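The model shown is predicted, which means the values in this text are computed figures rather than measured ones.
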Amino acid sequence: METVRAATDEPFYELSADARRWKFALETSKSHDLSDVPLYVDHNADKDASASDGSKQYWWLNANRSIWSFSEIAVGEEQSYTICNEKGNPRRIFKNFLDARAGDVVVGYETTPVKKIVAICEVSKPQDGERLYFKKLRDLDTPVPFSDIKSDPVLSQCEFCKNPNGSFFKLTEEEYLRLEEMLDEDDASPVQTSAKTPTPTLDSSKTSSSPNSISLP
């Protein structure tokens, strides 16, 4: 650690994220040619670029109701989601966790048996090498069933529909705008604020040791 500190003043959580990125690239590269993977990730440059162009990204986050639910989170409450599983392996499509930025929109989807988009959230803080942070903005008054999504010509091409294995998926701007159109079609006032009181903890038997963190298997 002293040697690393002498070479860089980057926070250790960012160095940890870079190390995970290298490990993931190595494990997934058939040829093990990492020439296209930068040795050092300029996190500040990425933050500056996102701030200057004002671009917003869109994501799809799965909630397995047997472990946690969006309904258990109050509007305005922040939660964290582990970017690696309990064995320390990067979650599927690990790049999505690294690319998410504060202010990005997150669509909250509950898997079987609900199989509906039920909430709209946003990334509150980018990943810190261990977790990605998000907070719920609102609950959908009219949740969008997966059957409608799958039958829609635009949304049926989204990353989740092509391969639902995983937890955090990318949505294009076109796909997100189409989802908003579907909400408007279903209800002139598609969202409402939850009246729930913020819950300080989720079920300790289903989450990590952090009070407001979500650790899925």
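- Listed here is the closest heavy atom pair of Ser124 and Ala102: O-CB, 3.8 Å.
- Between Glu110 and Lys116, no side-chain nitrogen of the basic residue sits less than 4.0 Å from a carboxylate oxygen of the acidic one, so the salt-bridge criterion is not met.
- Note: Leu177 CG to Leu171 CG = 10.5 Å, rounded to the nearest 0.5 Å.
- Between Asp139 and Lys136 there is a salt bridge, since at least one side-chain N of the basic residue sits less than 4.0 Å from a carboxylate O of the acidic one.
- With hydrophobic clusters built from ILVMFWY side chains whose heavy atoms lie under 4.5 angstrom apart, Val154 does not share a cluster with Trp59.
- Exactly one of Asp184, Asp148, Asp152 qualifies for a salt bridge (charged side-chain N to carboxylate O under 4.0 Å, His left out) with Arg178. That residue is Asp152.
- Separating the CZ atom in Phe70 from the CG atom in Leu61 is a distance of 4.0 Å, to the nearest 0.5 Å.
- Between the side chain of Gln57 and the main chain of Asp99, a donor-acceptor pair closer than 3.5 Å is present.
- Atom CG of residue Leu137 and atom CD1 of residue Ile120 lie 8.0 Å apart, to the nearest 0.5 angstrom.
- Thr82 pairs with exactly one of Gln127, Glu130, Arg91 by the side chain to side chain donor-acceptor pair (under 3.5 Å) rule, that one being Arg91.
- Counting only heavy atoms from C-beta outward, the side chains of Val107 and Tyr58 never approach each other to under 4.5 Å.
- Atom CZ in Phe168 sits 6.5 Å away from atom CG in Asn96 (nearest 0.5 Å).
- The shortest distance between side-chain heavy atoms of Ile149 and Cys161 falls below 4.5 Å.
- Distance alone, capped at 3.5 Å, places no donor-acceptor pair between the Arg131 side chain and the Gln79 backbone.
- Residues Leu183 and Thr142 approach most closely at CD2-O, 4.0 Å, considering heavy atoms.
- Under a 3.5 Å cut-off, the side chain of Ser80 and the backbone N or O of Leu132 do not form any donor-acceptor pair.
- The CG atom of Asn89 lies 12.5 Å from the CD1 atom of Ile83; values are rounded to the nearest 0.5 Å.
- The aromatic rings of Phe146 and Phe160 lie perpendicular to each other, with more than 60° between the two planes, well past the 30° mark.
- Residues Pro164 and Trp60 are not in side-chain contact: their nearest non-hydrogen atoms beyond the backbone lie 4.5 Å or more apart.
- Formation of a donor-acceptor pair under 3.5 Å by the Asp104 side chain with backbone atoms of Arg101 is found in this model.
- Arg65 places no side-chain N or O within donor-acceptor distance of the main-chain N or O of Val114, the cut-off being under 3.5 Å.
- Judged as a salt bridge (Lys or Arg N to Asp or Glu O under 4.0 Å), and not counting sequence neighbours, Glu180 has no contacts.
- Residue pairs that meet the salt bridge (charged side-chain N to carboxylate O under 4.0 Å, His left out) test with at least one member in residues 163-175, sequence neighbours left out, do not exist here.
- Scored by the ring pair (Phe, Tyr, Trp, His ring centres under 6.0 Å) test, Tyr133 finds no partners at all (sequence neighbours excluded).
- Here NZ of Lys115 is found 10.0 Å from NZ of Lys150. Values are rounded to the nearest 0.5 Å.
- Using bins of under 30°, 30° to 60° and over 60° for the plane-to-plane angle, the ring pair Trp68/Tyr81 lands in the perpendicular bin.
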